[in-house]
Structure formats: C-alpha cells, structure tokens
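Just below is one structure, and these are the notes that go with it.
Worth knowing before you read on, the calculation uses all heavy atoms, side chains too, and leaves out hydrogens, waters and symmetry mates.
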Amino acid sequence: MVKKEQNHQEETVGMTEEQEGQSEEIEATAGEEAEAQEVAEQTAETVAEQEDLGKETVTSIEQLEDEDQMLTEESFQALYEESLKSIKEGEVVRGSIIQVTDDYVMVDIGYKSEGQISVAEFKDEEGKVSVKVGDEVDVLLESHEDENGEIVLSKEKAAKIKVWDDISDVYKDEGIIEGRIVSKVKGGLSVDIGVQAFLPGSQVDLRPVRNLDSLIGQQFQFKILKYNKKRRNVVLSRRVLLEKERETLKADTLEKLEEGKVLEGIVKNITEYGVFVDLGGIDGLLHITDMSWGRVGHPSEMCTIGDTIDVMVLSFDPEKERVSLGLKQLSEDPWNTVDERYPVSHRVTGRVVSLTDYGAFVELEPGIEGLIHVSEMSWTAKIRHPSKVVAQGDMVEAVVLNLNKENKRISLGMKQVEPNPWDVIGEKYPVGTTIQGKIKNITDFGLFIGIDEGIDGLVHISDLSWTKRIKHPSELFKKGEEVQAIVLNIDKENERFSLGVKQLSPDPWEEIPERYPVGNSVVGTVTNVTDFGLFVEIEEGIEGLVHVSEISKEKIKTPVGLFQEGQEVTAKVVNIGKEERKIGLSLKRLDEEEEKTQYHEYVDSPKAATSNLGRLLKEELEGRTDNFLGGDDKE
C-alpha cells in the first residue's frame, strides 16, 4: 500500500515539474497583456503551493518508510485525490492504451481511474481499428467524473485542438499544410486538414477547373490564406503554391528554350485549333496543322489532357513569351520520297477521309492523300456527287494517274481499276447491229435505251420515224417500254452510242419518185394551211406542199380561209426532192392541163362547127372558176 502511494507521489512530483514548465511559458508572455500577467502570477502561486505539497508528501512518505508506519485507507485516498488535482478539465494529456474491445478503448492517463473512449474514434476510413495495447495517444480530459464516476476522455477533440495549434503555426510560418478534398460545396471545395477547410474555386489551380468533382478524394498541399478559430473557419489556396512553383520552373525553361530544340511537356489544355503544352512554367501552342503530316480532325484524336509528349520548338518570342511547337517535325516529311512509293499507274489502297462536290480524298498513309475526281469514279455512270459511290471511312482501290511532288498532290482514279467497257463495246455491238433494251429515259430530243451495264444508247427524235412529224418522243413511246433499235454510230472518245428506230424499216422516200412521178396527179388530204401554201398528205407520213403561187392563176395572197384541214384535193406532182424529202404539188397546173384537154376535146367535137367558139370557152371557164372558188365565194 505504501509502495503504491510512493509511486503515486512520484507521479505527482513529475506532474508538478510539468506544471513548472507551463508556468515558465506563461511568464514568457506575461509582458504582453496585464490580464495575462495576473493569470501567470496566480498560476505560479498555485504551482508553488503544489510544489510545497509535493515536497511535504515526499517527506511524509519517507518518514513513513523510516518509521515503518501504515497509512489508513482513508488518509491514502485523500492524499491521492489531492495529488491529482494538477490534471485539469479541458487539457490535452498523453495516455497509454491498456485495453481494446469491440465497443471501446481503455486509456490510462495516470488518473485514479482509466477512461473509456468509443472505439469509433480509433477507426480508419476502412473501418479498421488503428491502435493496439501499449500505444500512446493524446486525449482530451473532458470531465473528472461522469454520472458513473468515470473520467470522460476524447481522442477526436484532442486531435482537433492539436490541429488548430498546427494551423496557427503553419499560418505564422507561412508554411504548407496537406489535406484531402472531400466534397464540392458552393463556390469551391471542402478540404479535410484535420478540420474542415474551404478551398475557393479560384484557388484550386492556375486555370479554372470545369469539373471540380474530379478532384474529390485527391491529396494536395495548400497554403493557409486566413483562419478564425472561434468561427472554425479556414481558407486555403493551392494556386499560390502552383504559381510559385511555376515561376521557378519558368526561369529554368526560358534559359534552355531555343528553336529546333526538342523538349518534353505535359498536355495542359485541348482546343479545336491545337494543344497547349506545359513545358515547365511556360505554355507552348502545338497547332493542329503541326501535329501530324496527315489529316487531323480534332487534336483530341492524338492526345488527352495530362499526356506527356515530346515536341520541337518551332519559334520563340522572348518579349511576349510565346512558344510555337511542332510534333510532326520530329519525323521526316513523307512527301520527300512519295514518288518512290506511289509511281504513276501504280495500284494503291486507301481510306476515304473526306468528300467534296468534286471528288473524294483518300489517305494512302499518314500525311499522304490523293484525290479521286468525280469523273474518275466510273467509266459509264454519270455521278453527280461522290457520296453516290463511296462514303467517308470506306477502303477503296485506285490507280495513280498523276503525281505532283512539289505541290503535294496525287490524282487517283477508281474506274481505271476495271477495264473500260467502251474499249469493247464496238466489237460487241458493231454498226448495223439490231439491239433490244428498255427505255430508261425520255427527253425532248430523244430516247435513252439501256444496252450494257452503265452504257445507254440515244435514239434521236429525228431517228424515230421516216415520215411522221413527232413533236415529242412520248407521243410514241413510254419509259420502261421494251424496244428494238439499230446501232448507227459509236463515238468511243466522247462515249456516245447512237441508235435508230426508223432504220428497222426501209426508207419510203427511196420509192417515192417511182410511185409519184413528176406530172402525175395525186389525191390527198389537207393537213395544214399556212400563208405560204397547203400541206397535203398523199399517203401516211408522206406530204407534199402546194405553194400559194401554185393554187390558182388568179393572184391569191393567202390560202387561209379558202381551204380547210381535212379537205380532199387533187394536185399535180411538179417536183420531187429525194434528198430533201420534199414533194412539190400544184393545183394551178392541174387546172391548166384540164383546160387544154377540154379545149382539144372541144376542137375535136362536131359541136364546134355550129357554135360560137369564144362563147363556149367563156362559159366553160366560168363554170370551172365557180367550182374552184366554191360558188358563193366567187366575188
């Protein structure tokens, strides 16, 4: 019993010495404020009293040992409690863990009883207990006794008190504190530095961060801008540290910057026109045109933010601190040896990378593109837009038609991969051959008939009929109708195939001179009346013209009104133009011939001896005139 009391007294002496240290710290700051001075003096007196008490206690113990006397239980309890008055509520003390259970951790701080702390205060993020028996830990003495007579301790509260002390020290020393971003709050981020601190959005990085959520869970270093312990308010900045680091790196980078030098950098930002690369304190622009010898749709196709890449310094302006960078310059320009890999007439394979109204651009290799003009896509089809044949991303075969190394241009042809059907069409369908096909299209000037795949033949409107006057081919034919025609001509150079329908039957004009010799009379139907004459159809498709001067011996200005369409007339053939396909007719000459005939008949008639010749001729002529003019129209 005496031994335990002796140990306790020694602990009391140790605590007294610790109080002396606290007294010295208080005396050091006593000159700042009068109130602090008074507190220090009171503390010093208290400490002195405790020292005297400790000395008396030690003396008493020694006397008890020398005299081998036994203390009563009551006197020991009173002495023990008196020695423990040095541990005040609200102080942070160091204790030793003596037991760990599922519910609590038992900590001995040298008091008359041990304190229980909830095990939850000792668990890490994964929920595991992070201490074991024998570990020392700082705790806060909240109360000497609770309702159960036990001391109340807290590890978390002790840690927070210690954190605020650390915050104060870091702020005064302009030091750095580490913390973990835990959540996004209005205007910025919440950071755990032992207590919750605020990181404004403007202080997160050198440039605005669009996605603050991406930083949650990450550990960074910060500078304390300001703090208020009473309000439990701490404002941090990461940008200040980055700016300081950037200035240091910038000075080093500027010393080694020169055109043509290859540097390592980190992709900092990506735009539509290029990439900004951090070279170390200074950013350089890698333009999209300097990223690859080939086509780049968007810089993000080649790199992402955070990538480490090697770039070449193309130009540097020290005054404006502008740096232009290049990536493709690290490799040789593929156009330098393009003629070796892609000679004219060489067959190649490439990927369609772009379509325009006039053709398709094909990538043969990174940095090498060729153009397939729309006219070089098919031998036979008329392609209005390349999208009718290929699509972006398609792999196509082509033949090199032309190479211009200086201007970096390659002309390609797709149709040259296959034989030209016009080379053999003449052999397959020689002139005079009768073909059969469907009418694919009807125009004002003729019919298009499908012959072979991609090859159409034209039947001109003039080759539809020998005799009929056709205003539009649709009068005789319909689209999709199956027809026969004869090959008239093949123009390979201009890729034209001429056909004829009327040539399937003989030309009736070949027999016209024999069927209608000059001088013969013909009977026909008036098909058209014009100011210059009458058109008379003497058989289907064969017309002759009675000129206005050949209508009557009387002068007629116009036959319009004298004759009607459909009226049947008899005329005399006066001329035939076989080549011009024209027949000249005359009513006047037919009348003159009939007059001569009647005259001769009259002369030869017996009536002539007893009649007045002049009167008879007059009556006869008047009668013929009446018949010709139609009676009432005589005047």
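- For K229, the salt bridge (charged side-chain N to carboxylate O under 4.0 Å, His left out) criterion is met by no residue, not counting sequence neighbours.
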Report task. Applying side chain to side chain contact (heavy atoms under 4.5 Å, CB included), run through L257 and V313 and close with a yes or a no. Result -> CA-CA 8 Å; L257 268 181; V313 179; 3.8 Å; yes
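- With W422 contributing its side chain and I455 its backbone, the two residues share no donor-acceptor pair below 3.5 Å.
- Listed here is the closest heavy atom pair of V501 and Q484: CG2-O, 3.8 Å.
- Side-chain contact check for I410 versus N402: every heavy-atom pair is 4.5 Å or farther apart.
- Using modelled atom types, one side-chain atom of E301 and one backbone atom of G297 make a donor-acceptor pair closer than 3.5 Å.
- Contact of the L401 side chain with the Q416 side chain is registered, since non-hydrogen atoms from C-beta on lie closer than 4.5 Å.
- Atom CD of Q203 sits about 10.0 Å away from atom CZ of F198, to the nearest 0.5 Å.
- Within a 6.0 Å sphere centred on CZ of R207, heavy atoms belonging to other residues, nucleotides or ligands number more than 12.
- Between I309 and V267 there is a side-chain heavy-atom pair separated by less than 4.5 Å.
- Checked by atom type, the side-chain pair Y227/S168 shows a donor-acceptor distance below 3.5 Å.
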- request: List the steps, then state whether salt bridge (Lys or Arg N to Asp or Glu O under 4.0 Å) holds for E365 with R341.
  value: CA-CA 11 Å; E365 65 177 74; R341 298 190 302 280; 3.0 Å; yes
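- Of the candidates Q196, R180, K184, Q196 is the only one forming a side-chain hydrogen bond (donor to acceptor under 3.5 Å, both in side chains) with S190.
- Considering CD1 of I490 and OG1 of T433, their distance stands at 8.0 Å, rounded to 0.5 Å.
- Summarising the geometry of G359 relative to P386, their closest heavy-atom pair is O-CG, 3.4 Å, with the distance given to 0.1 Å.
- For the atom pair OH of Y171 and CD1 of I224, the computed distance is 9.0 Å after rounding to the nearest 0.5 Å.
- Side-chain contact check for L364 versus T349: every heavy-atom pair is 4.5 Å or farther apart.
- The side-chain heavy atoms of L499 and I451, taken from C-beta on, include a pair separated by under 4.5 Å.
- A 6.0 Å sphere centred on NZ of K438 holds no more than 12 heavy atoms belonging to other residues, nucleotides or ligands.
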### Task
Could you go through the salt bridge (Lys or Arg N to Asp or Glu O under 4.0 Å) check for K172 and D169 one step at a time?
CA-CA 5 Å; K172 291 177 182 178; D169 294 340; 5.4 Å; no
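- For E481, the side-chain contact (heavy atoms from CB on, under 4.5 Å) partners are I439, F477, K478, V483, not counting sequence neighbours.
- Residues H385 and D357 form a side-chain contact, since some pair of their non-hydrogen atoms from C-beta on lies under 4.5 Å apart.
- Other residues, nucleotides and ligands place more than 12 heavy atoms under 6.0 Å from the CD atom of Q219.
- No cation-pi contact links R239 to F222, judged by a cut-off of 6.0 Å to the six-membered ring centre and 45° from its axis.
- Heavy atoms only, all atoms of each residue included: I470 and L464 are closest at CD1-CB, 3.7 Å.
- Side-chain N or O atoms of T337 include none that pairs as donor or acceptor with a backbone N or O of E340 at under 3.5 Å.
- Put simply, the side chain of K502 gets close to the backbone of S462: a donor and an acceptor are under 3.5 Å apart.
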For this session: Determine, stepwise, if the pair I372 / M377 fulfils side chain to side chain contact (heavy atoms under 4.5 Å, CB included).
Result: CA-CA 7 Å; I372 302 177; M377 291 186 169; 3.8 Å; yes
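- A donor-acceptor pair under 3.5 Å links the side-chain atoms of Q218 to the main chain of S214, judged by distance alone.
- Rounding to the nearest 0.5 Å places CG of N336 at 6.5 Å from NZ of K405.
- Atom NZ of K223 is separated from atom CD1 of I177 by 11.5 Å, given to the nearest 0.5 angstrom.
- Although no hydrogens or angles enter the test, the distance criterion places a donor-acceptor pair under 3.5 Å between the side chain of W379 and the main chain of K415.
- One N or O on the side chain of D394 and one on the backbone of A391 form a donor-acceptor pair closer than 3.5 Å.
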For this session: List the steps, then state whether side chain to side chain contact (heavy atoms under 4.5 Å, CB included) holds for M302 with V296.
Result: CA-CA 8 Å; M302 297 194 63; V296 180; 3.7 Å; yes
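- The 12-atom threshold is exceeded at CD of E475, counting heavy atoms of other residues, nucleotides or ligands nearer than 6.0 Å.
- At least one side-chain heavy atom of I282 sits under 4.5 Å from a side-chain heavy atom of E321.
- Scanning all heavy atoms of the two residues, the minimum distance from P334 to P366 falls at CG-O, 3.8 Å.
- The two residues Q99 and T101 come nearest to each other via the heavy atoms NE2-CG2, 3.6 Å.
- For the pair D333 (side chain) and W335 (backbone), a donor-acceptor distance under 3.5 Å is present.
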Hey, mind stepping through N489 and F497 against side chain to side chain contact (heavy atoms under 4.5 Å, CB included) and telling me if it holds?
CA-CA 6 Å; N489 184 45; F497 201 109; over 6 Å; no
Worksheet entry | Pair D283-K250, salt bridge (Lys or Arg N to Asp or Glu O under 4.0 Å): steps then yes or no | CA-CA 9 Å; D283 292 345; K250 182 178 178 180; over 6 Å; no
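- Taking every heavy atom of both residues into account, L458 and F445 meet most closely at CD1-CE1, 4.0 Å.
- The distance from the CG atom of L189 to the CG atom of L236 is 10.5 Å, given to the nearest 0.5 Å.
- Using a 4.0 Å cut-off between charged side-chain N and carboxylate O, E363 and R351 make a salt bridge.
- Although no hydrogens or angles enter the test, the distance criterion places no donor-acceptor pair under 3.5 Å between the side chain of T304 and the main chain of S300.
- Side-chain N or O atoms of R94 include none that pairs as donor or acceptor with a backbone N or O of I109 at under 3.5 Å.
- Proximity of T289 to Y273: side-chain heavy atoms (C-beta onward) are nowhere separated by under 4.5 Å.
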